[in-house]
Amino acid sequence: QVQLVESGGGLVQAGGSLRLSCAASGRIFSINATGWYRQAPGKQRELVAVITSGGTKNYADSVKGRFTISRDNAKNMVYLQMNSLKPEDTAVYYCNARIAEYYSPTYSADYWGRGTQVTVSS
């Protein structure tokens, strides 16, 4: 059973930084694109950043220049470095990954973590 577990959330003042981590575990054959999403109260979940297996990165306009996504393929980890945080970044942040398991290496499915809360105070 594949699992994604996020960590690193917390309370920070505006202008501060946080680093989120996401660990993937289980019988993983390969991890394709991975990304971070967020959902603020009363709003829909939105894409924050995504990174492909080849390292191509894309960001939401609202976080460009402030957030950096990275991954460590050897450790099955993905990270989100968040700098210059703003109160509007407050949300639950979710890790997402498209993963193929060993028992079915040609089929990839989407997996989600349970989320980690990020709160930015003004």
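Just so it is clear, the model here is predicted, and its values are computed rather than measured. The figures that follow rest on heavy atoms only: side chains count, while hydrogens, waters and symmetry mates do not. Along the sequence shown, the residues carry numbers beginning at 1.
Looking at C22 and R71, their side chains never come closer than 4.5 Å, going by heavy atoms from C-beta outward. Contact check for L20 versus V118: side-chain heavy atoms found under the 4.5 Å cut-off. In this structure, Y94 and R45 have side chains that are in contact, with non-hydrogen atoms separated by less than 4.5 Å. I51 places none of its side-chain heavy atoms less than 4.5 Å from the side chain of Y59. At a threshold of 4.5 Å between non-hydrogen side-chain atoms, the residues W36 and C95 count as touching.
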For residues 75-84, tabulate all N or O donor-acceptor pairs below 3.5 Å that involve a side-chain atom, not counting sequence neighbours.
{"unit_1": "Q81", "atom_1": "NE2", "unit_2": "N83", "atom_2": "OD1", "d": "2.9"}
{"unit_1": "N83", "atom_1": "OD1", "unit_2": "S17", "atom_2": "OG", "d": "2.9"}

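Distance check, rounded to the nearest 0.5 Å: NZ of K57 to OG1 of T68 gives 6.5 Å.
In plain terms, the two heavy atoms of T34 and I69 that are nearest each other are O-CD1, 4.0 Å. When all heavy atoms of V50 and A33 are compared, the pair lying nearest together is CG2-CB, 4.3 Å. When every heavy atom of V63 is checked against every heavy atom of V48, the shortest pair comes out as CG2-O, 3.6 Å.
Applying the side chain to side chain donor-acceptor pair (under 3.5 Å) rule to Q117 yields the partners T119; only residues at least two apart in sequence or on another chain are considered.
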With salt bridge (charged side-chain N to carboxylate O under 4.0 Å, His left out) as the criterion, how do E46 and R38 come out once you've worked through the C-alpha distance, each side chain's angles and the decisive distance to 0.1 Å?
CA-CA 5 Å; E46 62 175 1; R38 66 186 181 187; 2.7 Å; yes

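Considering Y103, Y102, Y107 as possible partners of F29, the one that fulfils the ring pair (Phe, Tyr, Trp, His ring centres under 6.0 Å) test is Y102.
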